[in-house]
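As structure tokens, the structure follows; a few thoughts come after it.
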Amino acid sequence: MTIRTAVLPVAGLGTRFLPITKSLPKEMLPVVDAPLIQYVVEEAWSAGMEQVVLVSSRGKAILEDHFDTSPELESALEAKGAEALLATLRELTPAGVGRIASVRQSAPLGLGHAVLCARAVVGNEPFAVLLPDDLIWTEESTPTVLRQMVDAFQHKGSSLVAVMEVDPSQTDKYGVIDPVDREIKPGERLIQTQGLVEKPEPAQAPSNLAVIGRYILTPDVFDLLENGKRGAGGEIQLTDAICALLPSQSVYGYRFEGTRFDCGDKVGYQMANLALSLHRPEMRERLLPFLQEQLAHWGGVGGG
Ligand code: G1P
């Protein structure tokens with residue numbers, strides 16, 4: 001079954017990045033030279049999505065503007081003969097690839113509630129969810145994570161959540177899956193799940209397989225979200241609704257290939273900027289000597 005719609009929750013206040021997020025949505029923070037939102041929208045197109053639904057809130061119109069045409073800017077670049085920049089801009093609104101729709105989440109009731117707000121646009125078919133905070137870098141020769149998951153969904157036909165192993169002390173930052181088989185074999189991608197818990201304390205965590213912000217869900221999750229109780233943090237949690245799918249379908253954790261950066265965290269965000277800059281030869285040439293100087297100054301890793 002084809003998956004045509006990707007839901008992108010973008011209504012959050014971004015308090016961890018104040019003061020910049022007072023006037024700029026967190027999703028517009030740049031990683032190198034593109035805003036975070038652009039990485040996930042491009043990932044959605046790469047996985048064959050026909051429409052992206054932004055679940056947004058007041059003050060976020062700039063996100064839609066970013067993917068709209070910009071006639072003044074384009075004529076100025078045309079007049080200057082700046083062909084490469086012009087092409088980059090035009091790729092943001094690729095004709096015939098897909099469309100961007102937006103719905104509002106008028107109260108901050110949690111990630112599950114944000115996904116529920118997209119119900120009418122998604123309709124009664126499987127869909128993807130991407131969280132822009134999680135930037136996942138893949139080599140050019142490797143399919144993007146959503147592409148990998150769409151392919152796995154074609155094979156299994158059940159809901160999938162991206163997972164990765166995290167340090168066991170960190171489970172209270174994530175949704176965590178309870179794998180049917182505790183022994184995870186190296187290279188095993190699909191992990192059958194018998195439960196999911198939102199942000200468990202390390203002592204209560206069923207595993208160290210943390211949910212990362214990519215999901216493929218069947219539409220029955222909407223009824224469960226609609227009728228679900230508030231969970232961790234008093235919010236309507238997507239993790240709880242996915243767990244509630246379990247009596248009626250299999251749910252798999254998908255161990256993806258790629259490097260994940262937590263751009264909802266200041267350090268993770270800087271790491272993403274650094275790593276993606278170092279992948280550009282023209283930037284690497286100047287950044288590496290600078291990093292060596294910094295390392296010498298700070299006394300190497302752990303110094304200071
Ligand atoms: C959300 C989800 C959580 C998931 C995480 C991944 O949490 O609720 O299950 O592990 O994203 O980034 P948040 O980071 O919004 O608190």
Side-chain angles (χ1 to χ4, degrees), residues 6-17 21 25-27 29 31 36-37 39-40 43 54-57 105 107-118 128-137 145-146 149 159-179 191 193 195-202 204-217 221 224-225 228-246 251-256 258-269 271-272:
V7 175
L8 274 52
V10 295
L13 292 174
T15 45
R16 277 197 272 176
F17 277 87
T21 45
K26 166 176 81 165
E27 298 77 16
L29 292 177
V31 172
L36 274 171
I37 186 78
Y39 291 90
V40 274
E43 187 175 332
L54 303 176
V55 182
S56 116
S57 57
Q105 182 185 21
L109 298 179
L111 177 60
H113 178 254
V115 171
L116 182 58
C117 290
V129 177
L130 297 94
L131 308 186
D133 275 1
D134 286 325
L135 191 161
I136 312 181
W137 188 84
V145 174
L146 193 63
M149 290 175 72
S159 294
L160 301 173
V161 297
V163 293
M164 70 180 241
E165 277 131 307
V166 296
D167 189 289
S169 67
Q170 301 295 301
T171 55
D172 58 354
K173 296 195 171 71
Y174 299 95
V176 173
I177 65 164
D178 184 1
I191 315 282
T193 299
L196 294 96
V197 193
E198 182 67 9
K199 307 210 167 88
E201 290 298 326
Q204 273 84 51
S207 75
N208 69 334
L209 288 166
V211 177
I212 301 303
R214 303 290 183 274
Y215 307 76
I216 293 186
L217 302 173
V221 80
L224 298 164
L225 284 169
K229 293 195 202 67
R230 295 197 183 200
E235 297 185 337
I236 299 173
Q237 295 292 350
L238 185 58
T239 305
D240 295 344
I242 299 171
C243 190
L245 281 172
L246 275 166
V251 173
Y252 290 86
Y254 180 80
R255 284 167 84 217
F256 55 89
T259 308
R260 176 256 184 176
F261 297 98
D262 177 8
C263 292
D265 166 80
K266 282 180 196 165
V267 174
Y269 171 71
M271 286 173 173

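All ligand and atom numbering here is 1-based and tracks the order in the structure.
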Practice task
State, yes or no, whether a side-chain contact exists between Val251 and Ile242 at a heavy-atom distance under 4.5 Å.
Solution key: yes

Do the side chain of [X] and the main chain of [Y] share a donor and acceptor less than 3.5 angstrom apart?
| X | Y | result |
| --- | --- | --- |
| Arg214 | Asp134 | yes |
| Gln105 | Gly110 | yes |
| Tyr269 | Leu29 | no |
| Arg16 | Gly264 | yes |

Taking only non-hydrogen atoms of [X], do any sit less than 4.0 angstrom from ligand 1?
| X | answer |
| --- | --- |
| Leu111 | yes |
| Asp133 | no |
| Lys199 | yes |

Problem - Heavy atom of protein inside 4.0 Å of atom 15 (O) of ligand 1, strictly below - result: no

Practice task
Return yes or no for this condition: an N or O of Thr239 is under 3.5 Å from an N or O of ligand 1.
Solution key: yes

Fill in the blank from the handout: With Glu27 as partner, the option from Val10, Leu54, Val40 fulfilling side-chain contact (heavy atoms from CB on, under 4.5 Å) is Val10

Practice task
May I ask you to list the atoms of ligand 1 that are less than 4.0 angstrom from any heavy atom of Gly175?
Solution key: 3 (C), 4 (C), 9 (O), 10 (O)

Completion exercise
ligand 1 atoms nearer than 4.0 angstrom to some heavy atom of Tyr174 are 10 (O)

Problem - Sidechain N-carboxylate O distance under 4.0 Å for Lys229, Asp240 - result: no

Practice task
Answer side chain, backbone, both or neither: which part of Glu198 comes under 4.0 Å from ligand 1, heavy atoms only.
Solution key: side chain

Problem - Considering all heavy atoms, the nearest Phe256-Met164 contact - result: CZ-SD, 4.0 Å

Counting heavy atoms only, which of [options] is nearest [atom]?
| atom | options | value |
| --- | --- | --- |
| atom 1 (C) of ligand 1 | Ile212, Leu238, Leu131, Ile177 | Leu131 |
| atom 5 (C) of ligand 1 | Ile242, Val163, Val211 | Val211 |
| atom 12 (O) of ligand 1 | Val197, Asp134, Val166 | Asp134 |

